[in-house]
Amino acid sequence: MSRLTRLANTSPVPVPVRELSVVSADGSRLHVELHGPEGAPAVVLAHGWTCNTRFWDAQVRDLAVDHRVVVYDQRGHGRTPEAGPDGYSTRALADDLEAVLKATLAPGQKAVLGGHSMGGMTLMAAGGRDAVREHGAAVLLCSTGSSRLTAESLVLPLRAGAFRTRMTAAVLGARAPLGPVNAVSRAILKYATMGRGSAPERVDACARIVHACPRGARVAWGHVLAELDLEARLRELRLPTAVIAGTEDRLTPPVHARAVEAALPNSLGLTELAGMGHMTPVEAPEVVTAKLRELVALYVTVDGAGSTAAAVREEEIA
(Lines give C-alpha, C1' and ligand atoms only; values in the text may rest on other atoms or scores of the structure.)
Protein backbone atom coordinates (compact mmCIF):
# COMPACT_ATOMS: atom_id res chain seq x y z
CA MET A 1 0.00 0.00 0.00
CA SER A 2 1.43 3.41 -0.95
CA ARG A 3 2.17 6.19 1.54
CA LEU A 4 -0.64 8.30 0.04
CA THR A 5 -3.07 5.46 0.55
CA ARG A 6 -1.99 5.03 4.18
CA LEU A 7 -2.44 8.76 4.75
CA ALA A 8 -5.91 8.54 3.24
CA ASN A 9 -6.89 6.19 6.02
CA THR A 10 -5.19 7.87 9.01
CA SER A 11 -5.39 11.63 8.48
CA PRO A 12 -8.37 13.71 9.67
CA VAL A 13 -9.09 14.60 6.04
CA PRO A 14 -8.60 11.65 3.67
CA VAL A 15 -5.89 12.29 1.08
CA PRO A 16 -6.86 11.11 -2.40
CA VAL A 17 -4.53 8.83 -4.31
CA ARG A 18 -5.56 10.63 -7.46
CA GLU A 19 -7.63 13.66 -8.48
CA LEU A 20 -9.34 14.14 -11.81
CA SER A 21 -11.20 16.88 -13.63
CA VAL A 22 -13.96 15.02 -15.47
CA VAL A 23 -15.95 16.58 -18.30
CA SER A 24 -19.72 16.06 -18.27
CA ALA A 25 -22.07 15.97 -21.26
CA ASP A 26 -22.59 19.75 -21.38
CA GLY A 27 -18.92 20.57 -20.92
CA SER A 28 -19.12 21.16 -17.16
CA ARG A 29 -16.04 20.04 -15.26
CA LEU A 30 -16.39 17.93 -12.13
CA HIS A 31 -13.84 17.52 -9.35
CA VAL A 32 -13.32 13.79 -8.68
CA GLU A 33 -11.19 12.04 -6.06
CA LEU A 34 -9.99 8.43 -6.04
CA HIS A 35 -9.01 6.86 -2.72
CA GLY A 36 -7.61 3.47 -1.84
CA PRO A 37 -5.71 0.79 -3.76
CA GLU A 38 -6.12 0.39 -7.48
CA GLY A 39 -7.63 -2.98 -8.33
CA ALA A 40 -9.69 -3.21 -5.14
CA PRO A 41 -13.50 -3.51 -5.18
CA ALA A 42 -14.99 -0.17 -6.13
CA VAL A 43 -17.48 2.13 -4.38
CA VAL A 44 -18.74 5.37 -5.95
CA LEU A 45 -20.40 7.93 -3.63
CA ALA A 46 -22.55 10.96 -4.54
CA HIS A 47 -23.17 13.62 -1.89
CA GLY A 48 -26.28 15.69 -1.32
CA TRP A 49 -27.47 19.29 -1.62
CA THR A 50 -25.08 21.89 -0.09
CA CYS A 51 -22.47 19.21 0.73
CA ASN A 52 -19.18 18.14 -0.89
CA THR A 53 -16.70 15.26 -0.95
CA ARG A 54 -15.80 15.88 2.71
CA PHE A 55 -19.28 14.68 3.66
CA TRP A 56 -18.04 11.11 3.01
CA ASP A 57 -14.81 11.40 5.06
CA ALA A 58 -15.80 8.69 7.55
CA GLN A 59 -16.70 6.25 4.79
CA VAL A 60 -13.55 7.05 2.81
CA ARG A 61 -11.26 6.59 5.83
CA ASP A 62 -12.71 3.15 6.55
CA LEU A 63 -13.36 1.80 3.07
CA ALA A 64 -10.18 3.03 1.37
CA VAL A 65 -8.12 0.53 3.37
CA ASP A 66 -9.27 -2.23 1.04
CA HIS A 67 -11.62 -0.58 -1.50
CA ARG A 68 -11.22 1.85 -4.39
CA VAL A 69 -13.47 4.72 -3.32
CA VAL A 70 -14.57 7.37 -5.80
CA VAL A 71 -16.13 10.61 -4.54
CA TYR A 72 -16.95 13.72 -6.52
CA ASP A 73 -18.29 17.23 -6.02
CA GLN A 74 -21.72 17.79 -7.58
CA ARG A 75 -21.79 20.82 -9.89
CA GLY A 76 -21.55 24.06 -7.94
CA HIS A 77 -20.35 22.29 -4.78
CA GLY A 78 -16.87 21.95 -3.32
CA ARG A 79 -14.22 22.20 -6.04
CA THR A 80 -16.64 21.74 -8.94
CA PRO A 81 -17.49 25.12 -10.57
CA GLU A 82 -21.02 26.43 -10.69
CA ALA A 83 -22.93 25.74 -13.90
CA GLY A 84 -24.63 28.18 -16.24
CA PRO A 85 -28.30 29.19 -15.80
CA ASP A 86 -29.54 26.04 -17.58
CA GLY A 87 -27.03 23.71 -15.97
CA TYR A 88 -29.10 22.59 -12.98
CA SER A 89 -31.51 19.71 -13.50
CA THR A 90 -32.01 16.06 -12.66
CA ARG A 91 -30.75 15.31 -16.16
CA ALA A 92 -27.51 17.10 -15.31
CA LEU A 93 -27.20 15.00 -12.15
CA ALA A 94 -27.50 11.83 -14.24
CA ASP A 95 -25.11 13.15 -16.91
CA ASP A 96 -22.49 13.95 -14.28
CA LEU A 97 -22.72 10.53 -12.64
CA GLU A 98 -22.36 8.84 -16.03
CA ALA A 99 -19.27 10.91 -16.77
CA VAL A 100 -17.71 9.97 -13.42
CA LEU A 101 -18.42 6.27 -13.88
CA LYS A 102 -16.95 6.23 -17.38
CA ALA A 103 -13.84 8.13 -16.29
CA THR A 104 -13.00 6.13 -13.17
CA LEU A 105 -14.09 2.55 -13.88
CA ALA A 106 -12.75 0.17 -16.48
CA PRO A 107 -15.14 -1.16 -19.15
CA GLY A 108 -17.44 -3.66 -17.48
CA GLN A 109 -16.07 -2.97 -14.00
CA LYS A 110 -18.74 -3.14 -11.32
CA ALA A 111 -19.11 -0.90 -8.27
CA VAL A 112 -21.47 -0.28 -5.40
CA LEU A 113 -23.12 3.11 -5.92
CA GLY A 114 -24.09 5.13 -2.86
CA GLY A 115 -25.99 8.39 -2.67
CA HIS A 116 -27.15 10.66 0.14
CA SER A 117 -30.13 13.03 -0.28
CA MET A 118 -29.60 14.70 -3.68
CA GLY A 119 -26.94 12.06 -4.31
CA GLY A 120 -29.64 9.42 -3.93
CA MET A 121 -31.79 11.41 -6.34
CA THR A 122 -28.81 11.37 -8.71
CA LEU A 123 -28.85 7.57 -8.68
CA MET A 124 -32.60 7.55 -9.29
CA ALA A 125 -32.27 10.04 -12.16
CA ALA A 126 -29.56 7.86 -13.74
CA GLY A 127 -31.24 4.53 -13.02
CA GLY A 128 -31.92 3.76 -16.66
CA ARG A 129 -28.62 5.08 -18.02
CA ASP A 130 -26.25 2.76 -19.86
CA ALA A 131 -23.31 3.58 -17.56
CA VAL A 132 -25.28 2.65 -14.46
CA ARG A 133 -26.36 -0.62 -16.04
CA GLU A 134 -22.78 -1.36 -17.07
CA HIS A 135 -21.03 -0.38 -13.85
CA GLY A 136 -23.62 -0.67 -11.09
CA ALA A 137 -23.55 -3.81 -8.95
CA ALA A 138 -25.80 -2.60 -6.11
CA VAL A 139 -27.05 0.70 -4.68
CA LEU A 140 -27.37 2.31 -1.26
CA LEU A 141 -29.83 5.20 -0.94
CA CYS A 142 -29.47 7.28 2.23
CA SER A 143 -32.00 9.85 3.47
CA THR A 144 -33.60 10.63 0.15
CA GLY A 145 -36.90 10.84 -1.74
CA SER A 146 -38.23 10.73 -5.26
CA SER A 147 -40.96 13.42 -5.20
CA ARG A 148 -43.15 15.67 -3.01
CA LEU A 149 -40.20 16.99 -1.04
CA THR A 150 -41.83 20.29 -0.16
CA ALA A 151 -45.21 18.73 0.62
CA GLU A 152 -43.77 16.16 3.04
CA SER A 153 -40.98 18.18 4.64
CA LEU A 154 -41.26 18.71 8.41
CA VAL A 155 -38.63 21.44 8.71
CA LEU A 156 -41.27 24.15 9.18
CA PRO A 157 -43.44 23.52 12.27
CA LEU A 158 -46.68 24.16 10.40
CA ARG A 159 -49.77 22.11 9.64
CA ALA A 160 -49.49 20.10 6.42
CA GLY A 161 -51.09 21.81 3.45
CA ALA A 162 -50.61 24.21 0.58
CA PHE A 163 -49.25 27.03 2.75
CA ARG A 164 -46.54 24.88 4.34
CA THR A 165 -45.62 23.51 0.91
CA ARG A 166 -45.21 27.03 -0.52
CA MET A 167 -43.19 28.18 2.48
CA THR A 168 -40.91 25.15 2.31
CA ALA A 169 -40.28 25.79 -1.39
CA ALA A 170 -39.41 29.39 -0.52
CA VAL A 171 -36.90 28.19 2.07
CA LEU A 172 -35.26 25.81 -0.42
CA GLY A 173 -34.83 28.66 -2.90
CA ALA A 174 -33.98 31.41 -0.41
CA ARG A 175 -31.12 33.65 -1.52
CA ALA A 176 -30.22 34.84 1.99
CA PRO A 177 -26.58 34.07 2.88
CA LEU A 178 -26.04 31.40 5.52
CA GLY A 179 -23.43 33.51 7.29
CA PRO A 180 -20.63 32.27 9.54
CA VAL A 181 -20.69 29.04 11.51
CA ASN A 182 -21.51 29.92 15.10
CA ALA A 183 -23.63 28.63 17.96
CA VAL A 184 -26.85 29.94 16.43
CA SER A 185 -26.22 28.60 12.93
CA ARG A 186 -25.17 25.22 14.32
CA ALA A 187 -28.38 25.03 16.34
CA ILE A 188 -30.48 25.87 13.27
CA LEU A 189 -28.69 23.31 11.12
CA LYS A 190 -29.02 20.66 13.81
CA TYR A 191 -32.76 21.27 14.13
CA ALA A 192 -33.32 21.15 10.36
CA THR A 193 -31.03 18.29 9.39
CA MET A 194 -29.88 16.18 12.34
CA GLY A 195 -31.24 14.14 15.21
CA ARG A 196 -31.50 15.53 18.73
CA GLY A 197 -28.75 13.23 19.99
CA SER A 198 -26.19 14.04 17.29
CA ALA A 199 -22.71 14.61 18.70
CA PRO A 200 -21.55 18.27 18.72
CA GLU A 201 -18.46 17.53 16.61
CA ARG A 202 -20.66 15.92 13.93
CA VAL A 203 -23.02 18.89 13.96
CA ASP A 204 -20.04 21.22 13.58
CA ALA A 205 -18.62 19.16 10.69
CA CYS A 206 -21.95 19.30 8.84
CA ALA A 207 -22.35 23.02 9.50
CA ARG A 208 -18.93 23.80 8.04
CA ILE A 209 -19.64 21.73 4.94
CA VAL A 210 -23.10 23.24 4.35
CA HIS A 211 -22.01 26.84 4.99
CA ALA A 212 -19.19 26.44 2.46
CA CYS A 213 -21.65 25.79 -0.38
CA PRO A 214 -21.80 28.74 -2.82
CA ARG A 215 -25.11 30.57 -2.62
CA GLY A 216 -25.78 30.39 -6.37
CA ALA A 217 -25.57 26.61 -6.46
CA ARG A 218 -27.53 26.26 -3.24
CA VAL A 219 -30.39 28.34 -4.65
CA ALA A 220 -30.36 26.75 -8.11
CA TRP A 221 -30.45 23.21 -6.74
CA GLY A 222 -33.05 24.26 -4.19
CA HIS A 223 -35.40 25.16 -7.04
CA VAL A 224 -34.75 21.78 -8.69
CA LEU A 225 -35.54 19.94 -5.46
CA ALA A 226 -38.74 21.92 -4.93
CA GLU A 227 -40.08 20.59 -8.24
CA LEU A 228 -38.57 17.11 -8.00
CA ASP A 229 -40.43 14.17 -9.54
CA LEU A 230 -38.31 11.07 -10.14
CA GLU A 231 -40.94 8.41 -9.56
CA ALA A 232 -40.76 7.16 -13.14
CA ARG A 233 -36.95 7.14 -13.09
CA LEU A 234 -36.94 5.29 -9.77
CA ARG A 235 -38.75 2.38 -11.39
CA GLU A 236 -35.86 2.12 -13.89
CA LEU A 237 -33.34 1.55 -11.09
CA ARG A 238 -33.27 -2.25 -11.31
CA LEU A 239 -30.08 -2.92 -9.36
CA PRO A 240 -30.29 -4.50 -5.90
CA THR A 241 -30.94 -1.47 -3.71
CA ALA A 242 -30.86 -0.92 0.05
CA VAL A 243 -32.40 2.13 1.73
CA ILE A 244 -31.39 3.87 4.97
CA ALA A 245 -33.35 6.64 6.72
CA GLY A 246 -33.31 8.43 10.07
CA THR A 247 -36.51 8.42 12.11
CA GLU A 248 -35.97 12.11 12.98
CA ASP A 249 -35.27 13.27 9.42
CA ARG A 250 -37.21 16.50 8.86
CA LEU A 251 -35.96 17.23 5.33
CA THR A 252 -36.88 13.85 3.84
CA PRO A 253 -38.99 12.15 6.54
CA PRO A 254 -39.21 8.33 6.60
CA VAL A 255 -42.41 8.48 4.53
CA HIS A 256 -40.11 9.11 1.55
CA ALA A 257 -37.84 6.16 2.31
CA ARG A 258 -40.85 3.87 2.66
CA ALA A 259 -42.27 5.04 -0.65
CA VAL A 260 -38.91 4.63 -2.40
CA GLU A 261 -38.40 1.16 -0.95
CA ALA A 262 -41.90 0.10 -2.03
CA ALA A 263 -41.34 1.34 -5.60
CA LEU A 264 -37.91 -0.22 -6.15
CA PRO A 265 -37.92 -3.12 -8.64
CA ASN A 266 -35.20 -4.93 -6.66
CA SER A 267 -35.36 -3.78 -3.05
CA LEU A 268 -33.04 -5.13 -0.38
CA GLY A 269 -35.12 -3.53 2.35
CA LEU A 270 -35.26 -0.36 4.45
CA THR A 271 -33.24 0.30 7.60
CA GLU A 272 -34.69 3.03 9.84
CA LEU A 273 -32.17 4.48 12.29
CA ALA A 274 -33.81 5.53 15.55
CA GLY A 275 -32.94 9.07 16.64
CA MET A 276 -31.01 9.92 13.49
CA GLY A 277 -31.83 12.88 11.27
CA HIS A 278 -31.12 13.65 7.61
CA MET A 279 -27.31 13.45 7.69
CA THR A 280 -27.09 9.69 8.23
CA PRO A 281 -23.58 9.10 6.75
CA VAL A 282 -22.22 11.61 9.29
CA GLU A 283 -24.61 10.87 12.16
CA ALA A 284 -24.35 7.08 11.90
CA PRO A 285 -21.16 6.50 9.88
CA GLU A 286 -20.59 2.99 11.18
CA VAL A 287 -24.01 1.82 9.98
CA VAL A 288 -23.67 3.39 6.52
CA THR A 289 -20.13 2.12 6.04
CA ALA A 290 -21.08 -1.38 7.18
CA LYS A 291 -23.95 -1.46 4.68
CA LEU A 292 -21.63 -0.39 1.86
CA ARG A 293 -19.16 -3.12 2.85
CA GLU A 294 -21.97 -5.66 2.94
CA LEU A 295 -23.16 -4.71 -0.54
CA VAL A 296 -19.62 -4.96 -1.92
CA ALA A 297 -19.15 -8.38 -0.36
CA LEU A 298 -22.44 -9.62 -1.82
CA TYR A 299 -22.40 -8.07 -5.28
CA VAL A 300 -18.89 -7.03 -6.38
CA THR A 301 -16.21 -9.42 -7.58
CA VAL A 302 -12.74 -8.40 -8.71
CA ASP A 303 -11.89 -10.64 -11.62
CA GLY A 304 -9.59 -8.77 -13.90
CA ALA A 305 -12.14 -5.95 -14.18
CA GLY A 306 -11.46 -4.52 -10.76
CA SER A 307 -8.82 -1.97 -11.65
CA THR A 308 -9.46 1.65 -12.45
CA ALA A 309 -9.46 2.46 -16.15
CA ALA A 310 -5.89 2.92 -17.29
CA ALA A 311 -6.74 5.47 -19.98
CA VAL A 312 -8.63 8.34 -18.44
CA ARG A 313 -9.69 10.65 -21.24
CA GLU A 314 -10.33 13.63 -18.98
CA GLU A 315 -7.64 16.01 -17.78
CA GLU A 316 -5.80 14.94 -14.61
CA ILE A 317 -5.03 17.69 -12.13
CA ALA A 318 -2.23 17.85 -9.63
Side-chain angles (χ1 to χ4, degrees), residues 22 24-26 28 30 43-51 70 72 74-77 83 86-102 105 110-153 165 168-169 172 217 220-245 249 251-270 278 280 295 299:
V22 172
S24 191
D26 66 352
S28 296
L30 311 168
V43 176
V44 180
L45 301 174
H47 69 73
W49 181 50
T50 72
C51 296
V70 178
Y72 68 101
Q74 304 267 24
R75 54 178 65 196
H77 296 74
D86 299 323
Y88 298 94
S89 66
T90 56
R91 178 171 183 166
L93 292 174
D95 286 344
D96 294 352
L97 176 63
E98 274 208 302
V100 170
L101 294 177
K102 291 176 181 178
L105 301 175
K110 297 293 186 179
V112 167
L113 312 179
H116 167 258
S117 190
M118 192 174 80
M121 297 161 199
T122 300
L123 296 173
M124 296 180 212
R129 296 292 187 95
D130 289 342
V132 170
R133 290 171 175 162
E134 178 183 359
H135 295 293
V139 171
L140 177 61
L141 301 176
C142 299
S143 309
T144 192
S146 60
S147 66
R148 294 178 53 80
L149 299 188
T150 55
E152 302 288 359
S153 171
T165 298
T168 302
L172 289 178
W221 283 121
H223 287 304
V224 173
L225 298 181
E227 302 297 327
L228 188 79
D229 185 356
L230 290 172
E231 291 184 6
R233 293 286 179 261
L234 174 60
R235 291 190 287 273
E236 296 177 353
L237 183 59
R238 301 188 177 278
L239 299 173
T241 301
V243 183
I244 286 178
D249 188 342
L251 274 178
T252 54
V255 63
H256 288 291
R258 294 166 194 153
V260 165
E261 194 275 333
L264 284 166
N266 192 357
S267 172
L268 298 176
L270 165 63
H278 184 67
T280 45
L295 293 174
Y299 295 102

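Considering only residues two or more places apart in sequence or on other chains, A259 meets the side chain to side chain contact (heavy atoms under 4.5 Å, CB included) condition with none of them. By the side chain to side chain donor-acceptor pair (under 3.5 Å) test, D26 is found to be paired with S28, R75, residues two or more places apart in sequence or in another chain being considered. Applying the side chain to side chain donor-acceptor pair (under 3.5 Å) rule to S153 yields no partners; only residues at least two apart in sequence or on another chain are considered. S146 pairs by the side chain to side chain donor-acceptor pair (under 3.5 Å) definition with nothing, not counting sequence neighbours. Partners of Y88 according to the ring pair (Phe, Tyr, Trp, His ring centres under 6.0 Å) rule, which considers only residues two or more places apart in sequence or in another chain, are W221. Legend: residues meeting salt bridge (charged side-chain N to carboxylate O under 4.0 Å, His left out) with R148, ordered by chain and number and at least two apart, are E152. A111 pairs by the side chain to side chain contact (heavy atoms under 4.5 Å, CB included) definition with A42, V44, L105, L113, not counting sequence neighbours. With sequence neighbours left out, the side chain to side chain contact (heavy atoms under 4.5 Å, CB included) criterion links P240 to A138, N266, L268, Y299. With sequence neighbours left out, R129 forms a salt bridge (charged side-chain N to carboxylate O under 4.0 Å, His left out) with D95, E98.
No donor-acceptor distance shorter than 3.5 angstrom exists from the side chain of K102 to the backbone of L97, with no hydrogens or angles considered.
For the atom pair CG of L149 and CG of L228, the computed distance is 5.0 Å after rounding to the nearest 0.5 Å. Note that CG of L251 and NE2 of H256 are 9.0 Å apart. Values are rounded to the nearest 0.5 Å. Atoms CG and CG, on L237 and L230 in that order, are 11.0 Å from each other to the nearest 0.5 Å. We find the OG1-CG distance between T241 and L270 to be 12.5 Å, quoted to the nearest 0.5 Å. Taking NE2 of H223 as the start and CG of L172 as the end, the distance is 9.0 Å to the nearest 0.5 Å. The distance from atom CG of L141 to atom OG1 of T280, rounded to the nearest 0.5 Å, is 10.5 Å.
Within the structure, the salt bridge (Lys or Arg N to Asp or Glu O under 4.0 Å) test picks out no pair touching residues 220-231 (sequence neighbours left out). Note on residues 252-263: pairs passing salt bridge (Lys or Arg N to Asp or Glu O under 4.0 Å), not counting sequence neighbours, are R258-E272.
When side chains are defined from C-beta on, Y72 does not count as touching V22, because their heavy atoms never get closer than 4.5 Å.
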Where do L264 and V243 land on the side chain to side chain contact (heavy atoms under 4.5 Å, CB included) test, with the steps shown first?
-> CA-CA 10 Å; L264 284 166; V243 183; 3.8 Å; yes
Only distances under 3.5 Å count here; give the side-chain donor-acceptor pairs of residues 114-127 to other protein atoms, sequence neighbours excluded, each with its distance to 0.1 Å.
residue, atom, partner, partner atom, Å
H116, NE2, H278, O, 2.8
S117, OG, H278, NE2, 2.9
T122, OG1, Q74, NE2, 3.1
T122, OG1, M118, O, 2.8

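Smallest separation of non-hydrogen atoms from A131 and L101: O-CD1, 3.9 Å. Shown here for A92 and G87, the closest heavy-atom pair between the two residues is CB-O, 3.6 Å.
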